[in-house]
Amino acid sequence: MKEQGWQIRVRGQVQGVGFRPFVWQLAQARGLRGAVLNDAEGVLIRVLGPVGDLPEALKTQAPPLARVDAVEVSVAVFEALPNRFEIIASGEPGAETRVTPDAATCPACLEEIRGHGRRRGYAFTNCTHCGPRFTILQSLPYDRARTTMAPFEMCPECRAEYENPADRRFHAQPIACPTCGPRIWLEVGGQEVPGDTLALAVARLHAGEVLAIKGLGGFHLACDAANPRAVAELRARKRRPAKPFALMCREGDLAQIVTVSPQALSALKDPAAPIVLMPTLGTLPANVAPGMTELGVMLPYTPLHHLLLDAFQGVLVMTSGNLSGEPQVVGNDEAREKLAPFADAFVMHDRAIARRLDDSVLRVDPPMVLRRARGQVPGTLPLPPGFEDAPQIVACGGQMKAALCLIKNGQALLGHHLGELDEALTWEAYLQADADYAALFDHQPQAVAVDLHPDFRASRHGAERAEREGLQLIEVQHHHAHLAAVLGENLWPRDGGKVAGIILDGLGLGPDGTVWGGELLLGDYAGFERRAWLKPAPLIGGDRAQMEPWRNALVRLDAAGLSDWADALFPKAPREIARQMAAKGVNAPLSSSAGRLFDAVAGCLGLCAAGQSYEGEAAMRLEALAARAEASPQIRFAGEGAEIDPAPLFLQLAEGGDAAGLAYAAHEALAEAFAVRARAFVQSGAAQAVALSGGVFQNALMSQLMAEKLFDIPLLTQRQIPANDGGLAFGQALVAATKLET
Amino acid sequence: MALRDTRVTLAHGGGGKAMRDLIEEVFTAVFQPPGMEDQARLTSEALAVPGARLAFTTDSYVVSPVEFPGGDIGKIAVCGTVNDLAVGGAKPLWLSAAFIIEEGTEIDLLRRIVATMAREAEAAGVRIVTGDTKVVGRGACDGVFVTTAGVGVIAPGCEMAAGLVRPGDVAIVNGVLGDHGATILAARGDLALSSAIESDCAALGHLMADAMQAAPDMRAARDLTRGGLASALNEIAQAAGCGIVIEEEALPLRAEVVGMCEILGLDPLYLANEGRLVTFVPEDQAEAVLAAMRARPEGAGACIVGRAVAEHAGQVRMRTAFGGSRIVDMLVGEQLPRIC
Ligand SMILES: [Fe+3]
Ligand SMILES: [Mg+2]
Ligand SMILES: [Zn+2]
Ligand SMILES: [Zn+2]
């Protein structure tokens with residue numbers, strides 16, 4: 001006997017988040033019969049009887065880690081009548097291919113580890129609403145046997161929870177307890193130290209020692225952030241003189257070190273638990289983040305972190321455990337070997353890390369993701385209208401801050417921050433990510449998108465892959481990709497018309513063979529025209545110019561007729577050689593880079609003039625300096641037309657004055673020069689909106705100034721996708737999709 | 001003394017008496033024993049040995065300035081071709097030399113170049129047996145261009161090829177890297193670089209012969225010319241299908257070259273050399289090769305720089321002083337900045 005019922009299709013991030021038991025509970029409560037299952041498209045529900053408010057409840061009451069994009073109800077005919085509501089195990093091919101990002105310990109689990117039950121004090125407590133996911137995944141489909149939890153056999157109590165649809169731990173793959181799960185220990189010199197691990201660790205931290213602590217996506221190096229000697233020791237050992245350290249503390253301790261806005265707090269408490277930049281109160285030693293007005297802080301995001309900080313009662317430096325320039329260490333033996341020079345002791349555990357993931361970093365004012373990693377991948381992003389039927393494409397990203405992007409079925413999977421690809425381990429991680437994401441996304445690309453630059457490792461890899469697999473190779477200009485990334489993030493329709501894209505960046509190869517980086521592009525996904533740019537200046541010594549701000553200052557000062565001042569500012573620099581390199585074009589390519597312009601300003605103001613100790617230091621110090629400005633002169637760049645000449649800025653710098661005010665004026669003048677031109681395109685109807693992208697927009701002041709100047713103009717900015725090269729691949733994929741179909 | 005002119009004119013390339021005078025006086029008289037016939041007819045006992053093979057190579061030389069500290073274009077033209085033969089395992093025997101001369105070039109400069117060539121050829125144990133000259137108008141070339149071809153003999157049983165390098169083999173270079181490239185940069189005069197560095201330009205036939213004797217199982221050798229050590233190692237890694245690891249701290253680099261590279265933003269691994277080679281030998285023969293090289297002046301700075309490994313096939317990596325590992329690529333073209 002056939003009977004009519006309903007089929008409900010749920011799309012979005014609905015697998016591996018406890019969605020099926022959630023549906024089961026809703027069905028039980030409503031006395032519905034039928035079934036729920038996962039398949040390649042999401043969750044599929046078939047019910048007999050009136051659906052009532054079920055579709056609505058699926059959206060409004062979904063589990064914390066779920067993201068419901070669509071609920072579609074249609075008629076279904078039952079051949080055999082169900083006599084109850086059941087959860088059908090995932091068995092069919094293509095099912096459960098989604099894995100959600102790792103999530104911070106949920107309130108319920110936190111209560112348990114602080115309570116009196118069997119998981120009291122247990123460092124690996126988790127449930128369907130929290131815990132490790134991507135970092136323990138070895139292969140698909142996502143079930144315990146294919147994670148690094150496989151060696152731990154569930155005890156009967158855990159097994160019962162795992163199998164009970166009414167339990168918070170129903171099908172929580174990493175379920176564990178002290179009886180059956182992983183354990184922590186402290187070791188020194190390869191020997192386990194007997195005793196209470198947390199008490200031992202905390203005593204050492206209080207004594208000023210540096211600890212290597214195994215976390216979720218890698219090892220951290222930790223020390224007492226309030227102890228300037230411990231911080232200095234960690235800096236000396238890591239050979240990291242000035243780059244700010246990330247911090248971790250409990251929510252209740254935040255107010256002692258930073259100003260926490262409501263937005264910052266909600267970002268901190270998100271399941272992604274990123275590092276959030278917040279204004280410092282200056283209560284911690286200056287060597288935690290020299291020269292900075294902000295601190296990067298995250299909340300504890302694993303039970304181990306919670307237990308450690310509950311015992312420590314303070315603020316910890318939590319910097320990634322790596323050799324300078326290398327990716328974070330993940331293996332226990334690797335840590336013993338590589339981190340031994342840095343750490344006095346190790347807090348170890350025996351759950352392996354399958355995937356290295358750095359901590360994500362973001363700002364909230366204005367909101368922007370600076371580094372997309374743990375907690376955010378492998379989440380997917382919807383593509384803008386018009387890209388629903390875009391072919392499958394893999395985009396290879398840039399050379400620095402490399403990240404891959406795959407598109408399929410109207411969704412984008414933008415991979416995690418990998419780093420600089422000449423670093424051998426990072427390169428291996430890149431190749432692994434390429435294979436991993438293809439498997440996760442069940443991806444069969446038609447085309448490979450790469451940057452125009454032939455010497456980006458990512459570009460070469462893409463070209464090789466295209467050749468090997470017979471795929472179409474599509475080269476995308478660097479700043480066009482940045483433009484497409486900001487359009488895509490804002491779901492700008494494919495036929496939404498042209499925008500004026502202000503792309504202020506480090507640098508990228510232009511189609512004319514020169515190096516771009518301070519551009520106003522009028523265009524859309526399909527193409528662009530370069531309508532304004534910073535007057536080019538030579539990059540003396542190519543990439544070397546990025547490391548030594550004096551080189552950029554020298555060329556801008558010479559161009560402004562201020563050679564004498566340059567001589568006085570940089571008495572020890574090899575100025576004559578530099579000038580001849582510029583004059584004769586010896587390893588001195590012309591560049592319109594806005595990043596290098598800021599480096600030049602920093603150099604003139606005595607910030608890292610001789611050399612930076614880390615990438616971006618000069619620009620970050622300049623921003624921090626500008627943030628302290630109380631008054632500033634108004635400066636206007638020269639040039640009426642397409643070429644924007646910053647010479648007046650340097651004339652003003654030469655006149656001297658309050659350094660903070662001058663730093664502010666430099667930001668303001670650059671913003672004004674581009675904002676005026678972009679506004680004109682919108683007002684003439686040539687552009688529908690203004691879009692901002694490129695690494696310089698990580699600078700909060702720059703972003704704020706643009707927003708103020710363009711307050712009455714539709715403005716598209718990057719929030720979820722990094723404005724730096726971490727978002728490049730997303731834009732490459734969109735441009736390639738457009739080119740493929742036209 | 002038939003030649004009166006101090007500079008080369010187009011008449012010297014005209015095919016008449018002026019040309020004959022130039023050739024006889026400046027070129028053929030100097031090469032010992034007198035060579036530069038139109039067509040050399042040569043006999044060699046070495047070639048008669050069963051299993052022996054002929055090695056034949058050619059290269060054109062263009063350098064500005066044509067004279068520089070430590071050498072001139074003539075020295076490079078002889079050494080470069082001798083080295084091409086030597087790293088292939090051949091004993092260099094004969095060279096040809098063809099000159100393209102820009103109108104207006106000083107004849108004394110030609111004499112100096114030719115004298116260097118004769119001296120270098122003699123020292124290297126090769127004869128310049130045939131040649132040619134052409135004169136072109138002003139601007140059609142830059143001073144003097146020289147093309148040499150070389151013939152040598154490879155002894156029976158000597159098998160050397162980049163494809164034979166296997167994991168575990170040790171990479172040895174014969175001295176400090178980049179001196180030639182740095183010298184040329186400084187000598188070019190368009191940069192205010194002052195430098196006491198001299199080109200490393202040297203013929204390496206004898207050094208190779210000694211090294212091959214010391215290491216009967218030598219796998220391969222490459223001269224480190226354009227593209228430097230980095231490019232040579234990449235070629236070898238790709239041909240051999242294995243990885244190569246070099247140690248940053250083991251690289252023989254002069255502080256002055258490093259300093260110059262920092263200013264210019266160049267990587268010394270890519271600087272050109274004209275008297276340097278890298279050879280791969282089984283580990284147990286490495287010490288013998290080092291000793292053999294160090295016994296000669298052009299190998300005094302010989303040292304181990306790395307080894308072939310089974311991992312990362314086709315790729316060259318450098319272990320940095322801090323313990324990291326960086327990929328050392330072949331460059332596609334001119335080095336363009338990449339830091340965004
Ligand atoms: Fe960029
Ligand atoms: Mg050659
Ligand atoms: Zn939980
Ligand atoms: Zn258990």
Side-chain angles (χ1 to χ4, degrees), chain A residues 239 322-326 338 341 398-401 420-425 427-428 453-457 459-460 478 505-509 513 515 517 539-548 551 573-574 576-581 583-584 586-589 591 593 595 615 694-695 724-725 728, chain B residues 64 181-182 184-195 230 234 237-238 243-246 248 256 258-271 309 311-340:
Chain A
R239 292 190 189 89
N322 57 357
L323 299 178
S324 160
E326 273 195 16
K338 290 195 168 169
Q399 172 72 13
M400 316 287 294
K401 303 180 177 72
E420 198 264 305
L421 296 183
D422 276 351
E423 204 293 311
L425 292 180
W427 175 242
E428 283 171 7
H453 200 307
D455 283 326
F456 279 6
R457 296 199 63 78
S459 303
R460 290 193 202 175
H478 192 89
D505 201 28
L507 44 87
L509 191 60
V515 183
L539 289 170
I540 297 174
D543 278 333
R544 190 88 198 170
Q546 189 269 341
M547 296 157 74
E548 299 177 8
R551 293 172 186 253
E576 280 324 302
I577 298 172
R579 285 179 171 134
Q580 290 184 32
M581 289 172 73
K584 310 233 161 81
V586 177
N587 201 21
S591 169
S593 168
E615 191 224 323
N724 62 36
D725 283 7
L728 198 66
Chain B
S64 170
I184 295 301
L185 278 168
R188 203 163 277 167
D190 44 355
L191 301 176
L193 291 164
S194 66
S195 156
N234 270 284
Q238 275 154 32
I244 294 175
V245 176
I246 54 175
E248 183 175 32
E256 200 177 348
V258 172
M260 192 187 288
C261 282
E262 276 178 10
I263 294 173
L264 299 179
L266 301 175
D267 185 339
L269 283 177
Y270 296 88
L271 282 189
V309 295
E311 300 80 34
H312 51 84
Q315 195 173 70
V316 181
R317 295 184 178 180
M318 179 171 76
R319 275 174 42 92
T320 65
F322 292 162
S325 177
R326 296 194 59 81
I327 300 169
V328 179
D329 262 323
M330 196 106 100
L331 292 178
V332 170
E334 216 179 324
Q335 200 164 2
L336 287 164
R338 297 185 300 172
I339 299 178
C340 182

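Note on naming: letters A, B, ... go to the chains in the order of the sequence lines (proteins, then strands), and numbering restarts at 1 for each one. In this text the structure is predicted, and so the values were computed from the model without any measurement.
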Query - From CA spacing to verdict: side chain to side chain contact (heavy atoms under 4.5 Å, CB included), L269(B), M318(B) - result: CA-CA 11 Å; L269(B) 283 177; M318(B) 179 171 76; 4.1 Å; yes
Requested in this report: Give the C-alpha distance, both sets of side-chain angles, the deciding distance and a yes or no for side chain to side chain contact (heavy atoms under 4.5 Å, CB included) between W427(A) and Q315(B).
Outcome: CA-CA 11 Å; W427(A) 175 242; Q315(B) 195 173 70; 3.5 Å; yes
**Report entry** side chain to side chain contact (heavy atoms under 4.5 Å, CB included) between L264(B) and I577(A), intermediate numbers included
**Finding:** CA-CA 8 Å; L264(B) 299 179; I577(A) 298 172; 4.0 Å; yes
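Looking at L539(A), only its side chain comes within 4.5 Å of chain B, counting heavy atoms on both sides. Interface remark: L509(A) contributes side-chain atoms only to the contact with chain B (heavy atom separation under 4.5 Å). Proximity to chain B (any heavy atom under 4.5 Å) is shown, for M581(A), by both the backbone and the side chain. If you measure heavy-atom distances from L323(A) to chain B, the contacts under 4.5 Å come from the side chain alone. Contacts of R551(A) with chain B are made by side-chain atoms alone, with heavy-atom separations under 4.5 Å and no backbone atom involved. Interface remark: E262(B) contributes backbone and side-chain atoms alike to the contact with chain A (heavy atom separation under 4.5 Å).
Among E420(A), K338(A), K401(A), the residue making the largest number of heavy-atom pairs under 4.5 Å with chain B is E420(A). Interface check for chain B: of the options E423(A), M400(A), H453(A), the most heavy-atom pairs under 4.5 Å are formed by H453(A). In terms of heavy-atom pairs under 4.5 angstrom with chain B, the leader among E576(A), R544(A), R579(A), E615(A) is R544(A). Among R457(A), E548(A), E326(A), the residue making the largest number of heavy-atom pairs under 4.5 Å with chain B is R457(A). Contact count versus chain A (heavy atoms, under 4.5 Å) is highest, among L193(B), L185(B), V328(B), I263(B), for I263(B).
Contact between D329(B) and Y270(B) at its shortest, heavy atoms only, is O-OH, 2.5 Å. Between N587(A) and P589(A), the shortest heavy-atom contact is C-CD, 3.5 Å.
Remark: side-chain polar atoms of D725(A) are not paired, donor with acceptor, to backbone N or O of G398(A) under 3.5 angstrom.
Looking at residues two or more places apart in sequence or on another chain, you find a salt bridge (Lys or Arg N to Asp or Glu O under 4.0 Å) between E428(A) and R317(B). The side-chain hydrogen bond (donor to acceptor under 3.5 Å, both in side chains) test applied to D422(A) returns Q399(A), R338(B), not counting sequence neighbours.
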